[in-house]
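A short write-up of the structure that comes next.
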Amino acid sequence: MKLVRAGHPFRFFTRLCLTRMTGLVARNLGEILDHLETAPDSVIYQHTHRFLRQHQYLVPEPPNDFAYWVGNILGDETLGERLAAIDTLRFNSLEELKKALVGAIKEHLATHPRGREVPEGKEFHFMQTVRFSIPTRHEAHDLAEFADCLKSVSLSSLYLHLFEALLGPRPGVNDFATWLESEIDEKALARKVMNLDPYTQTLEHLRSRLVGIVERRLAEVADAGSR
């Protein structure tokens, strides 16, 4: 059994990010709601998904900056806990995530006063992420080359194809699974890649898991070819 050669090779990209101040500042809960309602995706991304860019270590819960500021700076522990309980990773779009955050704040304000105003220097500063995707020299035409590339590409490249892709044209599907299924007819392998939980392990551990399941598949193909 021979390896299937892809009609379109998988080109690995890497990413660069810049953080930019928007000039929008919130001193109380009402102001953070006003700015949040009109915030573009780049702002929501910065304050909710930023931690994944530094996914070299494990964290107990996916944090978001809104929950931290409301609970620890503004001192509204009830709402802070509610915002922290919003699982940022289950949303297939940043717009859906924003609606959940806005909805939680609105519901809270309906039964609670707008709350105190923080002192100068404790304001919430809205920032946005400017993202760039850059092609690398790594390109895979078949499963063996794909395994070799996985061992060599940067963690930033893995992040781009595993995490950011989930918010792309096919929500909830990463780039690796898409290519494995559509280009080299590895549907079962694609499902295994999709079933990997990228949020409970470091990127280096995730790399090892990926390489392991791909190499096991390569061994199956080699064994079938030797019969």
Side-chain angles (χ1 to χ4, degrees), residues 1-17 41 44-45 48-56 58 62 87-97 129 131-227:
M1 182 176 179
K2 294 182 178 180
L3 293 177
V4 175
R5 192 167 178 84
H8 298 90
F10 190 95
R11 169 61 68 88
F12 286 81
F13 281 70
T14 190
R15 62 194 301 284
L16 292 175
C17 287
D41 284 355
I44 304 303
Y45 179 92
T48 59
H49 285 72
R50 181 191 70 244
F51 82 101
L52 291 174
R53 301 204 305 265
Q54 303 152 345
H55 197 59
Q56 311 303 312
L58 298 180
D87 184 0
T88 61
L89 306 173
R90 71 179 178 86
F91 295 93
N92 289 329
S93 74
L94 292 168
E95 181 63 27
E96 291 177 4
L97 173 56
T129 300
R131 294 174 281 171
F132 303 92
S133 295
I134 303 170
T136 72
R137 62 182 177 83
H138 300 286
E139 187 174 87
H141 294 82
D142 58 31
L143 197 57
E145 292 182 2
F146 183 68
D148 288 339
C149 289
L150 286 176
K151 298 173 186 177
S152 304
V153 296
S154 68
L155 294 178
S156 180
S157 183
L158 288 178
Y159 171 84
L160 176 65
H161 293 298
L162 286 172
F163 291 86
E164 290 218 344
L166 300 178
L167 299 172
R170 295 184 64 192
V173 180
N174 67 60
D175 291 338
F176 296 153
T178 298
W179 183 78
L180 290 168
E181 179 176 351
S182 63
E183 290 296 330
I184 59 175
D185 198 31
E186 286 285 349
K187 294 181 176 60
L189 182 58
R191 285 194 296 271
K192 290 180 180 179
V193 171
M194 278 305 304
N195 288 335
L196 285 174
D197 186 353
Y199 307 117
T200 58
Q201 52 197 312
T202 66
L203 280 169
E204 277 295 1
H205 187 224
L206 191 58
R207 185 206 300 272
S208 296
R209 293 282 305 279
L210 276 168
V211 171
I213 63 174
V214 173
E215 288 188 334
R216 283 193 292 274
R217 175 56 182 156
L218 285 169
E220 292 174 357
V221 173
D223 183 59
S226 64
R227 293 175 186 174

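Using a distance-only test at 3.5 Å, with no hydrogens or angles considered, a donor-acceptor pair links the side chain of Trp179 to the main chain of His8.
By the 4.0 Å N-to-carboxylate-O rule, Lys151 lies close enough to Glu215 to be salt-bridged with it.
Shown here for His161 and Phe13, the closest heavy-atom pair between the two residues is NE2-N, 2.9 Å. Shown here for Arg131 and Thr129, the closest heavy-atom pair between the two residues is CG-CG2, 3.5 Å. Across Leu97 and Thr48, no two heavy atoms sit closer than the pair CD2-OG1, 3.5 Å. Residues Val153 and Arg207 approach most closely at O-NH1, 2.8 Å, considering heavy atoms. Smallest separation of non-hydrogen atoms from Leu94 and Ile44: O-CG2, 3.9 Å. Ala6 and Ile184 get closest at one heavy-atom pair: CB-CG2, 3.8 Å.
Atom CZ in Arg191 sits 10.5 Å away from atom CD in Glu186 (nearest 0.5 Å). A distance of 7.0 Å separates OH in Tyr159 from NE2 in His49, rounded to the nearest 0.5 Å.
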From CA spacing to verdict: side chain to side chain contact (heavy atoms under 4.5 Å, CB included), Glu145, Arg5
CA-CA 10 Å; Glu145 292 182 2; Arg5 192 167 178 84; 4.2 Å; yes

Assess the residue pair Thr14 and Ser156 against the criterion (side chain to side chain donor-acceptor pair (under 3.5 Å)); give the C-alpha distance rounded to whole Å, side-chain angles, the decisive distance to 0.1 Å, and a yes or no.
CA-CA 6 Å; Thr14 190; Ser156 180; 3.3 Å; yes

Report the C-alpha distance between Glu181 and Lys187 in whole Å, list the side-chain angles of each, state the deciding distance to 0.1 Å, and finish with yes or no for salt bridge (charged side-chain N to carboxylate O under 4.0 Å, His left out).
CA-CA 5 Å; Glu181 179 176 351; Lys187 294 181 176 60; 5.4 Å; no

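A heavy-atom distance below 4.5 Å is found between the side chains of Leu196 and Ile213. Contact of the Leu180 side chain with the Leu143 side chain is registered, since non-hydrogen atoms from C-beta on lie closer than 4.5 Å. Here the side chains of Val193 and Leu210 are in contact, with some heavy-atom distance below 4.5 Å. Using a 4.5 Å heavy-atom threshold, the side chains of Leu158 and Leu206 count as separate. Residues Leu203 and Phe163 meet the side-chain proximity criterion, which asks for heavy atoms closer than 4.5 Å. Counting heavy atoms from C-beta on, the side chains of Lys192 and Arg217 never come closer than 4.5 Å.
Using bins of under 30°, 30° to 60° and over 60° for the plane-to-plane angle, the ring pair Phe12/Phe176 lands in the tilted bin.
With sequence neighbours excluded, no residue satisfies salt bridge (charged side-chain N to carboxylate O under 4.0 Å, His left out) with Arg209.
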